[in-house]
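Let me begin by presenting the structure, written as structure tokens, before commenting on it.
Protein chains get the first letters and strands the later ones, always in sequence-line order, with residue 1 at the start of each.
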Protein chains: 2
Amino acid sequence: MQLNKESITDAAISLLNAYGLSDMTMRRVAKQLEVAPGALYWHFKNKQELVDATARRILAPLLEPDVQGRVEKRNAQDTCAQLRALMISHRDGAEVVSAALSSPTLRTELETLIAGALDTPDEIGAFTLLHFVVGAVLAEQTQLQLQELTGEEGEKVDFEQRFSTGVQIIIVGLDAIRDIR
Amino acid sequence: MQLNKESITDAAISLLNAYGLSDMTMRRVAKQLEVAPGALYWHFKNKQELVDATARRILAPLLEPDVQGRVEKRNAQDTCAQLRALMISHRDGAEVVSAALSSPTLRTELETLIAGALDTPDEIGAFTLLHFVVGAVLAEQTQLQLQELTGEEGEKVDFEQRFSTGVQIIIVGLDAIRDIR
DNA sequence: ACCTGAACACCGTTCAAGT
DNA sequence: ACCTGAACACCGTTCAAGT
């Protein structure tokens, strides 16, 4: 079978879920595909591009239009919750998305998505929400896998509750500040 | 001169500012100190520990008690602004702090600091602010150095304005939601 | 106690050469 | 057009041995 971006991203995702981001190396991806490491560089300019593609794959359900050819309209609370759910559903998902956020196009897509989900679309509101969401899930996943390693000690935190409260704080603040600004 | 944590962290910081985080390697730090790479491992258990120490050094003015032996009390807006200022004053500062945030002790210290700066100390408020602050500055620094590389194209964004508005949104939201919760 | 030398097991990336 | 082989220039970490 011929190599292409899709199959390479498939392999990357499977390595990610099996062993984590630090083991998602170009060489291991190549080995999984039974191909020389250099082969990947015909399809991706560098590793950053593969990480970007991996992040896009993780967020695909939110980014891609559905079968009817449109992205379903949701409210901001739901959009953020789904963003979190998608990142959580993959090992090191938030780390991958955070790394890919340096790509201006993905960042803009996500900001636009969130802005559109707000009652009153707002650039700064979307910016604030996006960076809270990614930061919070990053912290959540880091803490969880630290607990797994050290042996499960640590107060149980209701991450979902904490997350949605944070989102609500920002949404409420956004409404309250619009009059002042 | 004998090696110790302080001198090693000094060298790490100077490499960071000169060449960025990706060039702050154990081997380069050792070379700068004219020492074998293995020597560092007598003082730091691994690289993560050195990164943690580097983050602490960057945030020292906020973390350490002043000459009078107490940390000065500030409001949340100022505390966040100083957090941003400290990260910005070092190359890849936000990336270093973000990486060190996986250390639970530093994370807790910062959350406590922010919580204490709020009118009504609030765990979730501190959590929300901290992750927004780090995420926002991370984005700011990434975008700025991308513009330097690609040659200065891109709409000018008033990062400071955007940042403080984001902080204000969260603080206002925090006040507004306390009654509801 | 503190450091060197030398090795181990990796990385990302490039590029002539093959098909 | 697409991939292999082989190299280049690195990494973090360990550890016997030295002082």
Side-chain angles (χ1 to χ4, degrees), chain A residues 1-55 57 91-92 95-96 98-100 102-103 142 145-146 149-150, chain B residues 1-55 57 91-92 95-96 98-100 102-103 142 145-146 149-150:
Chain A
M1 241 303 276
Q2 267 239 143
L3 223 52
N4 57 47
K5 292 198 188 219
E6 208 192 322
S7 60
I8 295 174
T9 310
D10 286 347
I13 287 270
S14 88
L15 277 175
L16 183 71
N17 285 321
Y19 309 107
L21 181 57
S22 67
D23 286 312
M24 193 186 103
T25 68
M26 296 303 267
R27 293 177 109 98
R28 278 188 206 249
V29 171
K31 177 168 272 177
Q32 166 125 330
L33 295 162
E34 294 178 291
V35 105
L40 304 182
Y41 288 82
W42 205 92
H43 302 274
F44 289 101
K45 172 162 128 279
N46 50 36
K47 187 180 181 180
Q48 179 67 47
E49 273 201 353
L50 176 55
V51 173
D52 290 357
T54 307
R57 176 68 67 83
R91 166 111 88 128
D92 295 337
E95 218 178 324
V96 174
S98 177
S102 56
S103 148
T142 316
Q145 68 188 75
L146 204 88
L149 284 179
T150 58
Chain B
M1 240 303 276
Q2 267 237 141
L3 223 51
N4 57 46
K5 292 198 190 220
E6 207 193 322
S7 60
I8 295 175
T9 310
D10 285 347
I13 286 270
S14 89
L15 277 175
L16 183 71
N17 285 321
Y19 309 108
L21 181 57
S22 68
D23 286 312
M24 192 186 104
T25 68
M26 297 302 267
R27 293 177 109 97
R28 278 190 206 249
V29 170
K31 178 167 271 176
Q32 167 124 331
L33 294 162
E34 294 177 292
V35 103
L40 305 183
Y41 287 83
W42 204 93
H43 302 274
F44 289 102
K45 172 161 128 279
N46 51 36
K47 187 178 180 180
Q48 179 67 48
E49 273 201 352
L50 176 54
V51 172
D52 290 357
T54 308
R57 176 69 65 83
R91 166 112 85 130
D92 294 337
E95 218 177 325
V96 173
S98 176
S102 56
S103 148
T142 315
Q145 68 188 71
L146 203 89
L149 284 179
T150 57

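Taking the side chain as every heavy atom from C-beta outward, A:His43 and A:Glu6 never approach each other to under 4.5 Å. Considering only heavy atoms from C-beta on, B:Thr25 stays 4.5 Å or farther from B:Tyr19 through its side chain. Residues A:Glu49 and A:Asn46 have side chains in contact (heavy-atom distance under 4.5 Å, counting atoms from C-beta outward).
The interatomic distance linking A:Leu33 (CG) with D:dC2 (P) rounds to 16 Å, in whole Å. In this structure, B:Lys5 atom NZ and C:dC3 atom C1' are separated by 17 Å, rounded to whole Å. As rounded to whole Å, 15 Å separates atom P of C:dC3 from atom OH of B:Tyr41. The nearest whole Å value for the distance from the CZ atom in A:Arg27 to the P atom in D:dC11 is 15 Å. Following rounding to the nearest Å, B:Leu40 (CG) and D:dC11 (C1') show an atom-to-atom distance of 14 Å. Atom C1' of nucleotide D:dT4 and atom NZ of A:Lys31 are separated by 16 Å, given to the nearest angstrom. Following rounding to the nearest Å, B:Asn46 (CG) and D:dT13 (P) show an atom-to-atom distance of 5 Å. We find that CG of A:Leu21 is positioned 14 Å from C1' of C:dC11, with the value rounded to whole Å.
For the side-chain contact (heavy atoms from CB on, under 4.5 Å) test with A:Ile8, the passing option among A:Leu33, A:Thr54, A:Val35 is A:Leu33; the others fail.
Applying the Watson-Crick and G-U wobble criteria (two distances, each under 3.5 Å), C:dG5 pairs with D:dC15.
Annotation: of the two residues near DNA chain D, A:Trp42 and B:Gln48, the 5′-most nearest-nucleotide partner is A:Trp42. Along DNA chain C, the nucleotide nearest to A:Arg28 and the one nearest to A:Ala39 differ in position, and the one closer to the 5' end is contacted by A:Arg28.
A sub-4.0 Å separation between OP1 or OP2 of C:dA1 and a side-chain N or O of B:His43 is absent.
Considering only side-chain atoms of A:Val35, the nucleotide from D:dC2, D:dT13, D:dT4 that sits closest is D:dT4.
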